[in-house]
**Q** 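Dropping a structure here in structure tokens format, bear with me for questions.
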Amino acid sequence: MGRPQPDDTTAPAQEAERLEDAALLRADTAERYEEIVTDVVDRIAARLRRTSAPSSGASHRDLQALVDAVDLDASGIGEAAALSEADDLYAQHAVWFHHPFYAAHLNCPVAISAVAAESMMAAINTSVDTYDQSTVATLMERRLIAWTCERLGFAAGDGVFTSGGTQSNLQALFLAREGAIAATGRDRSAVLPRLRVLTSAESHFSVARSALLLGLADDAVVPVATDGDGRVLADALREAVADVRASGDVPMAVVATAGTTDRGVIDPLVAMADACDDADVWLHVDAAYGGGLLVSPTRRHLLDGIERARSVTVDFHKTFFQPVSSSALLVQEPADLATVAWHADYLNPASEAASEPNQVDRSLQTTRRFDALKLWTTLRAVGADGLGRMVDTVCDLAARVRERLDDDGDLRPIGRTDLSTVLFRYQPAGLDDATADRLVPHVRRVLFESGRAMVARTVIDGRPCLKLTLLNPDATDSDIDGVLGLVRATARGVLAGERLAGRAAPDAEASAEETAR
Ligand SMILES: *Cc1c(COP(=O)(O)O)cnc(C)c1O
């Protein structure tokens, strides 16, 4: 079977028919599928072998031009050409998280088993909504939910895979909202404006946005004070809950963060669980980042208290080395999850609710990817302890980097490192705060634009700072030294450039005056 060539224009109508005829995966296209996918795998493997930086460094403007140049209304060019084009356009300019000089956000290099599983599930295209569409896939997802609950210490928990921590948090707060309204025994419309969510300013923005999406009042999110490292002060939480009650409002949920996105610190889970128990408030633990500690051989204790949460978010696509997307929402009480159930006669009629395990009854999504297959194959391939050692490796690396910064003349560390985040500023002795502040976004941008290394920036206690999020177990100390070396060199380069420009400016003015004369 000859492959259609893009320049084969002898019989355009016939050619178009041939392309369409071969477009879908089925018995007589299996061979073609094998060829095309093998081709893509070969291309990616070749790129992995030769990728020497996190990205190509192509500018936004150049990339926009490349994207705009593709005619999406043109007639088909065939799979081989389309995938080759995608390789040139996308793979060529993608940001590669496996490169040890990528240290910016919460992105991880991915487990090979999971990538292979991803292509398996894409080809089969299972949707884990009703049992009659997914059969064994539903049972595998449910096994993994049970496994995660066991790791959490939920005796009889339940849960569902989601698209990410944002969705897991939204669903958790939705369940908490319904629970709180039901508990008051009053009208939804009367209670809704009175519901309050207590959390620190360090919690993920999806908490505040969920409150908005859930129709809560504009001031529904009550900020709870933190210690100098950005962790909730349990006494302040107790007071805040009491204040909410005293003003006639309803504490709908407390959100603790196990691994804040910005600093990677863990709220005091046990003390917060005590406060929530005493006040009878729903505790949600957002462990999107810290969830990997569930398998850590040495750091599991950092999550002590998580077993007392009513709901938990875990992002497998962060600290379990899974390809995007893979997350789960877990609940302590299976009945809590029932709130989302919605029955449709064509899909999951209420009359048959007990007879088949329909995951759609637990999800905000209907059609939903079988992401669980990726975690399943990774656990089988590497083992839970193996995954946990990978988590430990990145935390150990971060701890060493953080320690070395204590003695660094140019880079000053900020805050503590519980997980794998290291915050710092370029500020050698004698450099004033304002200049150090100004350098932060500048250095990040120059590095980003070079494509050679990627770090993030944020603001901690009003001070801009740079951030390393280390999630690559293959990155070595010398790799990170290399990244920090580039940060130093970039900062010096920026300062030197500014000094030059500072001198150039009066000269330029002088020559402009001369020209005018
Ligand atoms: C990343 C993160 C989220 C959001 O998760 P997504 O998977 O990006 O939607 C929520 N909470 C915390 C603490 C996170 O770090």
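Numbers here simply count residues along the sequence, with the first being 1. In each ligand, atom 1 is the first atom listed, and ligand 1 is the first ligand listed.
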**Q** Among all the protein's non-hydrogen atoms, which is closest to atom 10 (C) of ligand 1, and how far away is it?
**A**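 Residue, atom and distance for the closest contact: His204 CG, 3.2 Å.
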
**Q** Will you find, in the side chains of Ser325 and Asp371, an N or O donor that is under 3.5 Å from an N or O acceptor?
**A**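 On atom types as modelled, these side chains qualify, holding a pair under 3.5 Å.
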
**Q** Would you mind listing which atoms of ligand 1 come within a distance below 4.0 Å of any non-hydrogen atom of Ala288?
**A**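 Answer, ordered by atom number: 2 (C), 3 (C), 10 (C), 11 (N), 12 (C), 14 (C).
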
**Q** Under a 4.0 angstrom heavy-atom cut-off, which atoms of ligand 1 come close to Asn169?
**A**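 Checking each atom against Asn169, I get 10 (C), 11 (N).
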
**Q** I want to check something: taking the side chain as every heavy atom from C-beta on, are Gln92 and Asp87 in contact at a cut-off of under 4.5 Å?
**A**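 They are not in contact (no side-chain heavy atoms under 4.5 Å apart), so the answer is no.
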
**Q** Within the structure provided, determine whether Arg308 and Asp274 are in side-chain contact (heavy-atom separation under 4.5 Å).
**A**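 A side-chain contact exists here, since the closest heavy-atom pair is under 4.5 Å.
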
**Q** Check each atom of ligand 1 against the heavy atoms of Thr257 and keep those under 4.0 Å away; list them by number with element.
**A**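 Result: 13 (C).
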
**Q** Would you call the rings of Trp147 and Phe320 parallel, tilted or perpendicular, where under 30° means parallel and over 60° means perpendicular?
**A**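 Ring orientation, 0 to 90° scale: perpendicular.
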
**Q** Is there a side-chain contact between Leu175 and Leu329 (heavy atoms, below 4.5 Å)?
**A**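 Heavy-atom side-chain distance check passes, below 4.5 Å.
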
**Q** Using 4.0 Å as the upper bound for N to carboxylate O, is an ion pair formed by Arg143 and Glu150?
**A**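 Between Arg143 and Glu150 there is no salt bridge, as every charged N stays at least 4.0 Å from the carboxylate O atoms.
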
**Q** May I ask you to identify the nearest protein heavy atom to atom 9 (O) of ligand 1, giving residue, atom name and distance to one decimal place in Å?
**A**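 Residue, atom and distance for the closest contact: Thr166 OG1, 2.6 Å.
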
**Q** How close does the nearest protein non-hydrogen atom get to atom 3 (C) of ligand 1, and which residue and atom is it?
**A**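 Here the nearest protein heavy atom works out to Lys318 NZ, 3.3 Å.
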
**Q** Is the closest heavy atom of Ser327 to ligand 1 under 4.0 Å?
**A**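 No, that is not the case, since the closest heavy atom of the residue is not under 4.0 Å from the ligand.
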
**Q** Please check if the distance between the ring centroids of Phe161 and Phe370 is under 6.0 Å.
**A**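 Not under 6.0 Å, so no.
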
**Q** Would one find an N or O of Thr261, backbone or side chain, under 3.5 Å from an N or O of ligand 1?
**A**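 In this structure, Thr261 places an N or O atom under 3.5 Å from an N or O of ligand 1.
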
**Q** Got an N/O contact under 3.5 Å between Thr260 and ligand 1?
**A**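 N/O-N/O distance under 3.5 Å: no.
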
**Q** What atoms of ligand 1 come closer than 4.0 angstrom to any heavy atom of Gly259?
**A**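 Near Gly259, meaning under 4.0 Å from one of its heavy atoms, ligand 1 has 13 (C).
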
**Q** Which part of Thr313 is near ligand 1, with near meaning a heavy atom under 4.0 Å away: side chain, backbone, both or neither?
**A**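 No part of Thr313 comes within reach of ligand 1.
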
**Q** What protein heavy atom sits nearest atom 11 (N) of ligand 1, and how far off is it?
**A**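 The closest heavy atom on the protein side is Asp286 OD2, 2.6 Å.
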
**Q** Does Asp315 reach ligand 1 with a nitrogen or oxygen that is under 3.5 Å from one of the ligand's nitrogen or oxygen atoms?
**A**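 For ligand 1, there is an N or O atom that lies under 3.5 Å from one belonging to Asp315.
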
**Q** Checking Asn358 against Thr130: is there a side-chain donor and acceptor pair closer than 3.5 Å?
**A**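 The criterion, which ignores hydrogens and geometry beyond distance, is not satisfied for Asn358 and Thr130.
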
**Q** Can you list the atoms of ligand 1 that are under 4.0 Å from a heavy atom of Gly164?
**A**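 Counting from 1, the qualifying ligand atoms are 7 (O), 9 (O).
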
**Q** Mark up the atoms of ligand 1 that fall under 4.0 Å of a heavy atom belonging to Gly165, in ascending order.
**A**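 Those atoms are 4 (C), 5 (O), 6 (P), 7 (O), 9 (O).
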
**Q** For Leu106, counting its heavy atoms only, list the atoms of ligand 1 lying under 4.0 Å from any of them.
**A**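 The atoms of ligand 1 under 4.0 Å from a heavy atom of Leu106 are 15 (O).
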
**Q** Are any of the side-chain nitrogens in Arg263 or Asp418 under 4.0 Å away from the carboxylate oxygens of its partner?
**A**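 Salt bridge between Arg263 and Asp418, a charged N being under 4.0 Å from a carboxylate O: no.
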
**Q** Do the side chains of Leu106 and Tyr289 get nearer than 4.5 Å, heavy atoms only?
**A**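 Yes, their side chains come closer than 4.5 Å.
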
